[in-house]
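Heads up: the structure comes next, in structure tokens.
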Amino acid sequence: MFLSVSNLTKSYHTGIVTHVLKDVDLKMERGQIGVILGPSGSGKSTLMNIIGGVDRADGGTVEVGGEHITDFNDNQLVEYRRERVGFVFQFYNLMPNLMVAENIEVVSNISKKPLKTDEVLSAVGLSDKKNRFPRELSGGEQQRVSIARAIVKNPKLLLCDEPTGALDLETSRGVLSLLQKVNAQFGTTILMITHNVAIAGMAHVVFRLRSGEVEEAAHNSEIIPAE
Ligand code: ADP
Ligand code: ADP
């Protein structure tokens with residue numbers, strides 16, 4: 001297994017105790033696309049943040065590519081986030097005062113073995129926009145830049161939290177199609193949070209979060225192209 005989450009637990013203590021993740025198990029093979037479904041507040045972001053090394057679990061284990069990241073110290077987690085995981089968010093999180101190419105180079109400049117800026121720009125279909133500022137781009141184009149920024153470090157794992165949450169249906173299809181292309185072209189394992197059940201059709205494996213536990217909802221041998 002490329003990604004193996006076992007017996008993961010996480011609670012928040014804010015006056016009252018919220019058991020967000022009670023006993024979460026989740027497994028993915030290398031090169032798969034996985035989708036996490038579940039209602040708002042069910043713990044999807046918390047789970048993804050722990051897998052991405054930006055939050056820590058209370059108990060249980062997360063193994064990524066043979067590494068036990070739940071045993072990592074803070075420095076190891078920094079290195080893991082910097083080199084081996086890419087993140088894509090709903091609202092792009094681009095630097096407004098940097099041009100497209102510069103936004104990507106913020107990441108490649110601190111990576112050990114980055115891909116070339118031109119290669120990722122070409123992969124996301126934005127070679128002609130490299131000297132534009134984010135505000136000069138549409139929402140879909142900004143999300144493509146954020147995907148380019150996430151993949152320039154050539155991560156083994158790409159984590160996407162509601163990547164189409166701010167986009168209309170047609171633009172969403174384009175972004176999902178791009179993620180499928182990234183998965184095929186670079187062999188990147190992709191785990192994506194979404195509210196959109198239709199998106200589940202493009203995944204190899206679908207997980208549903210319920211009451212702090214995960215059930216595997218579907219396993220598709222044939223994945224459906226987004227467009
Ligand atoms: P989802 O992504 O499924 O919407 P989250 O993982 O964001 O769910 O949140 C799960 C639960 O944990 C929610 O009840 C939320 O309010 C709570 N929660 C998330 N982050 C924190 C935090 N830093 N402190 C306290 N409670 C939190
Ligand atoms: P998102 O990932 O959608 O930007 P967050 O992860 O920041 O949202 O928060 C998800 C949920 O967790 C929200 O419902 C938010 O109110 C709750 N939450 C986040 N941080 C805290 C906190 N420090 N205390 C209590 N609830 C929190």
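In each ligand, atom 1 is the first atom listed, and ligand 1 is the first ligand listed.
- Geometrically, ligand 1 and Gly43 share a nitrogen or oxygen pair separated by less than 3.5 Å.
- To the nearest 0.5 Å, atoms CG (Leu209) and CG (Leu21) are separated by 7.0 Å.
- For Arg84 and Tyr80, the positive end is not near the middle of the six-membered ring at less than 6.0 Å and at most 45° from its axis.
- Judged purely by distance below 3.5 Å, without hydrogens or angles, the side chains of Ser177 and Gln180 never pair a donor atom with an acceptor atom.
- Remark: side-chain polar atoms of Gln32 are paired, donor with acceptor, to backbone N or O of Glu29 under 3.5 angstrom.
- Residue-ligand proximity, Ser42 to ligand 1, at heavy-atom distances under 4.0 Å covers atoms 1 (P), 3 (O), 8 (O).
- Atoms of ligand 1 lying under 4.0 Å from at least one heavy atom of Pro39, given by number and element, are 3 (O).
- Atoms of ligand 1 found under 4.0 Å from any heavy atom of Thr46 (numbered from 1 in listed order, with element): 5 (P), 6 (O), 9 (O).
- For ligand 1, the polar-atom distance check against Thr18 finds no nitrogen or oxygen pair separated by under 3.5 Å.
- Proximity of Thr14 to ligand 1, defined as any heavy-atom pair under 4.0 Å, is confined to the side chain (atoms from C-beta onward).
- Heavy-atom contacts of Lys44 reach the following atoms of ligand 1: 1 (P), 2 (O), 3 (O), 4 (O), 6 (O), 8 (O) (cutoff under 4.0 Å).
- The side chain to side chain contact (heavy atoms under 4.5 Å, CB included) test with Val175 singles out one residue from Leu167, Val88, Val124, and that residue is Leu167.
- Glu79 places no side-chain N or O within donor-acceptor distance of the main-chain N or O of Gln76, the cut-off being under 3.5 Å.
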